[in-house]
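Right, one structure below, let's go through it.
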Amino acid sequence: MTNRISHWIDGKSWAGVAERTGEVFDPATGEVRALVDFAGDGQVAEAVNAAAAAFPGWRDTSLAARTKIMFAFRELLVARKEELAAIVTSEHGKVLSDAAGEVQRAIENVEYACGAPQLLKGGYSENASRGVDVYSLAQPLGVVGVISPFNFPAMVPLWFVPNAIACGNTVVLKPSEKDPSAANFIAELFAEAGLPSGVLNVLHGDKVAVDGLLKHPEVKAISFVGSTPIARYVYETGTAAGKRVQALGGAKNHMVVLPDADLDLAADAAVSAGFGSAGERCMAVSVVVAVEPVGDELVSKITERMGRLRVGDGRRPDSEMGPLVTAAHRERVASYLDAGVEAGARLVVDGREAGVDGDSGGFWLGPTLFDQVEPGMSIYTDEIFGPVLCVARAHSYDAALALINANPYGNGTAIFTNDGGASRRFQNEVEVGMVGVNVPIPVPVGYYSFGGWKNSLFGDSHAYGPEGFHFFTRTKVVTSRWLDPSHGGVNLGFPRNV
Ligand code: NAD
């Protein structure tokens, strides 16, 4: 019998019968491992109602009690991190060590949320006017929706859920329908940690569930991560309905290699960041910009390293790169190999010819390298989101910078150089939200915030860290005077601070 994955509403698994379901694959074998229930409007209402009912009690739960639950959740997550990583690998396909890295980065965000009492402190000004005190409060918004993509089924939900909850909100999480089990595992662990029923709900499904959250009046805010067209749609629809929205979109990340760089370090970085997680990372390096004359040498060093990569079932300890998430995605990515050749790029390594240590039914595509890539080609303009690395040549630092700044995406970028002045200029001039200096995947630590510029983020708040706390609270400023014998009677003038 096929396993069933269902919603988690009001502290328990949903017991109804779904009208629609989706198939969840094991990408390394191609087999259907489960069916996931898809929510209709009825289940959206159930989940939002559960969250709305839990809100008043949770909002007024003491900071001490909220924090205790967050610490308990953190302990459970640390104790069971390998189980969560195995769930990620079984539905996403990324290799176990990579899934473990994802869970570890997720734990950083839980640890940040444990600091809520400190982070939610407001300001207090005594005697702003004579006998008058002014202070600010950071209050939760209410029910918030979190909509996440397939590529980080544990980490991206945990970018938002702990911070939202720690701030006193209640949450409806709508994970990707492609790898939904990590979200349920997280919700069950939160319940075990003592989180009251209804504070975190998991709603599975597709566009119907997302649209349901976008139009429900009880949902006050949406944190979305996914592709740019959907991010734009979620931002426009959600804000038109009066909600606070942060919508993180897709990427095309460039890594500039200056002529003075350590080319072995740069080649290692390009291969690691280009092919880790089979290129299914929004911070993957997809374009290496070689500033001449280093192009030929760099391409040869990258090619040599690619030849040693082991592609195989993510559960095997020696696999370095797993399959793609679905057969449809594999076909889409593979179609770019022909498109690149037709457009005139040089196919240096063809991923279709790679040896694979895994079941023949898996969604495999080996690492691919294109050289001589030009801006007009679809392999350059489109986010491929697979193991396809492009090398573009530039004749100067200025040309490399101009290429990046002309790109509609602005998620992450990196520069490889031994010249501190050049790197300082780059961090100042590049129009990208996250910059690495000799670091290829500059995902900020949990106490900074994550977010791109331009078409990589809609809204003005980045994810997690201080901007996460800002997003999940609204401030209120109180001006207070306790009567004393000196009060001065009626005064129709605008209040002046004296
Ligand atoms: P996606 O946009 O297809 O799906 C994201 C979420 O939106 C899922 O929960 C999905 O069910 C829902 N969705 C899909 N189609 C929808 C529609 N028509 N209407 C409403 N909701 C819809 O993205 P994906 O394929 O799951 O994830 C990969 C994408 O996410 C890539 O573009 C990647 O760059 C991006 N991503 C960005 C970041 C970031 O921080 N900027 C992080 C991770 C992933």
Side-chain angles (χ1 to χ4, degrees), residues 20 22 24 27 36-39 44 91-94 102 105-106 109 145-160 172-180 182-183 202-215 222-238 245-253 276-286 324-326 328-330 332-333 382-386 407-413 432-434 441-444 449-459 461-465 467-468:
R20 295 185 308 130
V24 180
V36 58
D37 289 349
F38 277 10
V44 174
E91 293 183 353
H92 177 284
K94 66 177 74 173
E102 161 175 359
R105 294 305 299 263
N109 295 106
V146 174
I147 301 163
S148 55
F150 82 82
N151 67 321
F152 284 106
M155 184 182 76
V156 169
L158 289 171
W159 278 359
F160 302 105
V172 178
L173 165 64
K174 206 303 282 172
S176 169
E177 63 276 38
K178 294 185 182 123
D179 43 16
V202 180
L203 191 68
H204 292 290
D206 57 1
K207 179 174 169 56
V208 175
V210 172
D211 285 344
L213 292 174
L214 289 174
K215 68 182 181 225
I222 299 274
S223 295
F224 172 92
V225 180
S227 57
T228 287
I230 313 296
R232 184 184 277 117
Y233 165 77
V234 165
Y235 182 76
E236 288 174 356
T237 314
V245 182
Q246 53 179 183
L248 286 74
K252 195 81 181 177
N253 304 314
S277 196
E280 292 170 326
R281 289 182 185 144
C282 67
M283 290 292 274
V285 165
S286 41
L324 292 170
V325 69
T326 58
H329 187 55
R330 191 250 168 231
R332 184 181 164 277
V333 174
D382 297 3
E383 182 186 36
I384 299 175
F385 219 56
N407 197 279
Y409 296 107
N411 212 41
T413 189
V432 172
M434 294 172 283
I441 309 180
V443 174
S449 298
F450 180 108
W453 287 12
K454 301 194 276 188
N455 284 352
S456 296
L457 188 142
F458 302 90
S461 291
H462 290 197
Y464 68 74
E467 295 198 34

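Only this structure's heavy atoms are used, side chains among them; waters, hydrogens and symmetry mates stay out. First listed ligand is number 1; within each ligand, the first listed atom is number 1.
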At what distance, to the nearest 0.5 angstrom, does [atom1] of [X] lie from [atom2] of [Y]?
| X | Y | atom1 | atom2 | result |
| --- | --- | --- | --- | --- |
| Lys252 | Asn411 | NZ | CG | 13.0 Å |
| Ser227 | Asn455 | OG | CG | 11.5 Å |
| His204 | Leu173 | NE2 | CG | 8.0 Å |
| Thr326 | Arg332 | OG1 | CZ | 10.5 Å |

Checklist entry - Quick one: does ligand 1 sit under 4.0 Å from the side chain of Glu280, the backbone, both or neither, non-hydrogen atoms only? => result neither
Checklist entry - Quick one: does ligand 1 sit under 4.0 Å from the side chain of Asp211, the backbone, both or neither, non-hydrogen atoms only? => result neither
Taking the side chain as everything from C-beta on, heavy atoms only, tell me whether [X] gets closer than 4.5 Å to [Y].
| X | Y | result |
| --- | --- | --- |
| Lys178 | Pro149 | no |
| Ser286 | Glu383 | no |
| His92 | Phe152 | no |
| Asn151 | Ser277 | no |

Is there a nitrogen or oxygen of [X] sitting under 3.5 Å from a nitrogen or oxygen of ligand 1?
| X | answer |
| --- | --- |
| Gly249 | yes |
| Trp159 | no |
| Asp206 | no |
| Phe152 | no |
| Lys174 | yes |
| Gly226 | yes |

Checklist entry - Are Phe458 and Val234 close enough, and set up right, to give a side-chain contact (heavy atoms from CB on, under 4.5 Å), and what steps lead you there? => result CA-CA 9 Å; Phe458 302 90; Val234 165; over 6 Å; no
Ligand-side contact atoms (ligand 1) for residue partner [X], heavy atom cut-off under 4.0 Å:
| X | value |
| --- | --- |
| Glu177 | 10 (C), 11 (O) |
| Asn411 | 41 (N) |
| Phe450 | 39 (C), 40 (O) |
| Val210 | 20 (C), 21 (N) |
| Ser148 | 6 (C), 8 (C), 9 (O) |

Item to check | Best match, Ile147, Ile230, Val225, Val146: closest heavy atom to atom 5 (C) of ligand 1 | outcome: Val225
Checklist outcome for this item: Filtering Ser227, Ser286, Ala251 for the heavy atom nearest atom 29 (C) of ligand 1 leaves Ser227
Which residue and atom name correspond to the protein heavy atom nearest [atom], and how close is it?
| atom | result |
| --- | --- |
| atom 7 (O) of ligand 1 | Phe224 CE1, 3.4 Å |
| atom 27 (O) of ligand 1 | Pro149 CB, 3.2 Å |
| atom 28 (C) of ligand 1 | Phe385 CE2, 3.5 Å |
| atom 19 (N) of ligand 1 | Lys207 CG, 3.3 Å |
| atom 39 (C) of ligand 1 | Cys282 SG, 3.4 Å |
| atom 32 (O) of ligand 1 | Glu383 OE1, 2.6 Å |
| atom 43 (C) of ligand 1 | Asn151 OD1, 3.3 Å |
| atom 26 (O) of ligand 1 | Phe150 N, 3.0 Å |

Could you check whether any side-chain N or O of [X] sits under 3.5 Å from a backbone N or O of [Y], counting only pairs where one atom can act as donor and the other as acceptor?
| X | Y | answer |
| --- | --- | --- |
| His462 | Leu457 | no |
| Ser449 | Tyr464 | yes |
| Glu280 | Val325 | yes |

Checklist entry - Going by the angle between their ring planes, with limits at 30° and 60°, are Phe450 and Trp159 parallel, tilted or perpendicular? => result tilted
Checklist entry - Of the options Ile230, Leu248, Val245, which is the one that meets Phe224 in a side chain to side chain contact (heavy atoms under 4.5 Å, CB included)? => result Ile230
